[in-house]
There are 2 protein chains.
Amino acid sequence: MEKVSLKVIARELGVSAATVSLVLNGKNKNGRVSEEMSQKIIDKAAELNYIPNSLAKGLKMGHSKSIGLIVADISNVFFGTLALHIQNYAEKEGYTVIIGNTNEKLEEMEKMITFLNSRQVDGLIITPAEGSEVLIGSILESKKPVVLVDRGFPELNVSSVLINNYEVCYHSTRLLINKGYKKPVFITYKQDQFHTNERKRGFVEAMKDAGLFNPYHVKEVSYQCLEKDMEKAISQLLKYKRKVDAIFFATNTISMAGVKSLLKRGLLIQKDIQVMCFDETDAMNLFPFKVPFIKQPIEEMAKRSLELLIGQIENKDIKPRKLFLEAKLIN
Amino acid sequence: MEKVSLKVIARELGVSAATVSLVLNGKNKNGRVSEEMSQKIIDKAAELNYIPNSLAKGLKMGHSKSIGLIVADISNVFFGTLALHIQNYAEKEGYTVIIGNTNEKLEEMEKMITFLNSRQVDGLIITPAEGSEVLIGSILESKKPVVLVDRGFPELNVSSVLINNYEVCYHSTRLLINKGYKKPVFITYKQDQFHTNERKRGFVEAMKDAGLFNPYHVKEVSYQCLEKDMEKAISQLLKYKRKVDAIFFATNTISMAGVKSLLKRGLLIQKDIQVMCFDETDAMNLFPFKVPFIKQPIEEMAKRSLELLIGQIENKDIKPRKLFLEAKLIN
DNA sequence: ATTTTTTGATTAATCGATTAACTTTATACT
DNA sequence: AGTATAAAGTTAATCGATTAATCAAAAAAT
């Protein structure tokens, strides 16, 4: 079976490939191609089940109509959901999405960028790994359209779609305090990323403003040994039981590990200890108790970041924009 | 900044593009290019940060070194994990993965296939939607390499990587019975897909062999109204409480909905009622009770399906193979 | 001194699609 | 009649990389 190209259609119909291309791209106005021939071409293309070769098109046009999405780990629900929505919107705009995983590693992120560039992606949407400022900077220099999502670098003049991490954490902590929990603890990752720092800052400021802050109100766990660190952290906290009446977990993975640890100890959540967390986890729906959580507008994050990216791609002169979407506490 | 192509390197060095290509592809043996010039070219390529244009290469070579992965929903952990592993292995083999979602819909699956074909993917890995035999058949006819994963069509002569759904469910049910649960109920999706049918068959046969089977031991819920149907199913089952002492959920999503419904009613799982399920859910780890579950070898499924696919791609004459991997009950 | 081989590189066609510039024929206008 | 305009296409270059076929010069063989 011969591969069906423009040429094949042209040959069958006794016209030139140019004519076929013109018609199939809707550029047959202004008396370029007759109505009659146009119809013949369209029919023949359908008959032969012609599928345009987008490699050839991309090569000629200088764009591939594809974008790269670089996330930490596609098997994480947050990123999976983000990817799903980005793909859905991208499809509507005629773009393909190629997804890459970094596993939070700088070198893998770099490899992915080179890889995606070789595939001529028209732009990149990235959840940058820790310490990747320089890498992002070099993308910026190369003028390749790029948008950061979920995490950003405030000192970098780059488009990004973030959420109001500081405000929502400040507000939520405030709420906790107002409800009478005067000894809450914030558990977060031991890492230096803007978004997690902002969450922590939200908590800390709220505590300070209420005159309650003490350094031991913040605990940090490592990404690599989450379970183990969490065990340690919780058991430490429980030693000073009178000092802790609530825990605020900074991410979905931390929440899971934390709640698991608490339950294992036979603690009654929202009774023995108040729990609040960042991100939704369907596990939380299973419990007889309600866990307030901060819900990120994932679909909107997807939509906005794609909008910003396509803006850059199709209209080169656009300036970097930093969007802050609103995450909300759901009680 | 000029785009760096083979031509640019060639010009800078005063040689032809052909020479550069030869060197950069390691085809400079047999006195094709001198050692000296080779080194110069390699150095210059590094200096200019040359990244080959894979659209051009793909166009010329007739393959894109990319594969399409079509799943139901990338935000589902099962598919997310599968995608992660497929991508990891694919990268090692030099292939890119483009992921598409079908949302279990036939027409979306068809659209994705056309889309991926236009991007000249070298092959497809698919978790086929219900009723897509004909579609898969037409891919087969077109000689495009394809591997089904997770779900298959026994009547189709197509490579697939499945698990021993029947056996593992038979065995698990048997175990349940032997432990003294003589009135178990199997809750599955109301759909006609081979893999879910096999799971059901495993349950039913085990029950029959134990002389315990009755049609009401199987309940079906719909994919679209899972929560609502589950509520109905559970409340029906509880009416005849003496008749049910265990529930076997057929998938991860069903398990979540089922357990949620049971807990809402204040039932003590593994005490008032025994629960067993297909697939791991990290939510299950949170409970003070252990839920036995059937663990699929997702990473191996990923690896094998990629192996089969690449086999087809790089060695056209290979015959379709059907692999059945072993899923195990974890207690 | 020729002829043959080896070494080191170049030429030019090709993959499939796009499009500016051109050609040809028919029709309209003054 | 002679010129302008419109209609309906075609030609040919191009995107970047690959590679079979070729070529030129130097070295080796006869």
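By convention in this document, chain letters (A, B, ...) are assigned in the order of the sequence lines, proteins followed by strands, and residues within each chain are numbered from 1.
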Below 3.5 Å between N/O atoms, which protein atoms pair up with nucleotides 24-26 of chain D? Just atom names and distances, please.
none

Check nucleotides 7-9 of chain C against the protein and report each pair of N or O atoms closer than 3.5 Å, with its distance, or say if there are none.
from: C:dG8; atom 1: N7; to: B:Gly31; atom 2: O; distance (Å): 3.0
from: C:dA9; atom 1: OP2; to: B:Ser34; atom 2: N; distance (Å): 2.6
from: C:dA9; atom 1: OP2; to: B:Ser34; atom 2: OG; distance (Å): 2.9
from: C:dA9; atom 1: N7; to: B:Arg32; atom 2: O; distance (Å): 3.3
from: C:dA9; atom 1: N6; to: B:Arg32; atom 2: NH1; distance (Å): 3.0

With 3.5 Å as the limit, what N/O pairs link the protein to nucleotides 4-6 of chain C?
none

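If you take CD of B:Gln120 and P of C:dG16, they are 9 Å apart, rounded to a whole angstrom. Note: CZ (A:Arg11) to P (D:dT10) measures 15 Å, nearest angstrom. Protein atom CD1 of A:Ile41 is 14 Å distant from nucleotide atom C1' of C:dA17, rounded to whole Å. Separating the CZ atom of A:Arg119 from the C1' atom of D:dA17 is a distance of 14 Å, rounded to the nearest angstrom.
Of the residues in residues 45-66 of chain B, those placing a heavy atom less than 4.0 Å from an atom of DNA chain C are B:Leu59, B:Lys60, in numerical order.
B:Arg119 and B:Ser66 are not linked by any side-chain donor-acceptor pair at a separation below 3.5 angstrom, with hydrogens and angles left out of the test. Between the side chains of A:Tyr89 and A:Glu299, at least one donor N or O sits under 3.5 Å from an acceptor N or O. Inspection of the B:Asp150 and B:Thr127 side chains reveals no N or O donor paired with an N or O acceptor under 3.5 Å.
Taking every heavy atom of both residues into account, A:Ser54 and B:Gln120 meet most closely at N-OE1, 4.4 Å.
Partners of A:Asn76 under the side chain to side chain donor-acceptor pair (under 3.5 Å) rule, at least two apart in sequence or in another chain, do not exist in this structure.
Salt-bridge annotation for A:Glu300 and A:Lys303: absent, with no side-chain N of the basic residue lying under 4.0 Å from a carboxylate O of the acidic one.
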Please report, to 0.1 Å, the donor-acceptor pairs under 3.5 Å made by any side chain of residues 98-109 of chain A, with sequence neighbours excluded.
from: A:Thr102; atom 1: OG1; to: A:Glu104; atom 2: N; distance (Å): 2.9
from: A:Glu104; atom 1: OE1; to: A:Arg151; atom 2: NH1; distance (Å): 3.1
from: A:Glu104; atom 1: OE2; to: A:Arg151; atom 2: NH2; distance (Å): 2.9

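Distances shown here put a side-chain N or O of B:Lys27 below 4.0 Å from the OP1 or OP2 atom of D:dT19. In this structure, A:Asn25 reaches the C:dT18 phosphate: one of its side-chain N or O atoms is under 4.0 Å from OP1 or OP2.
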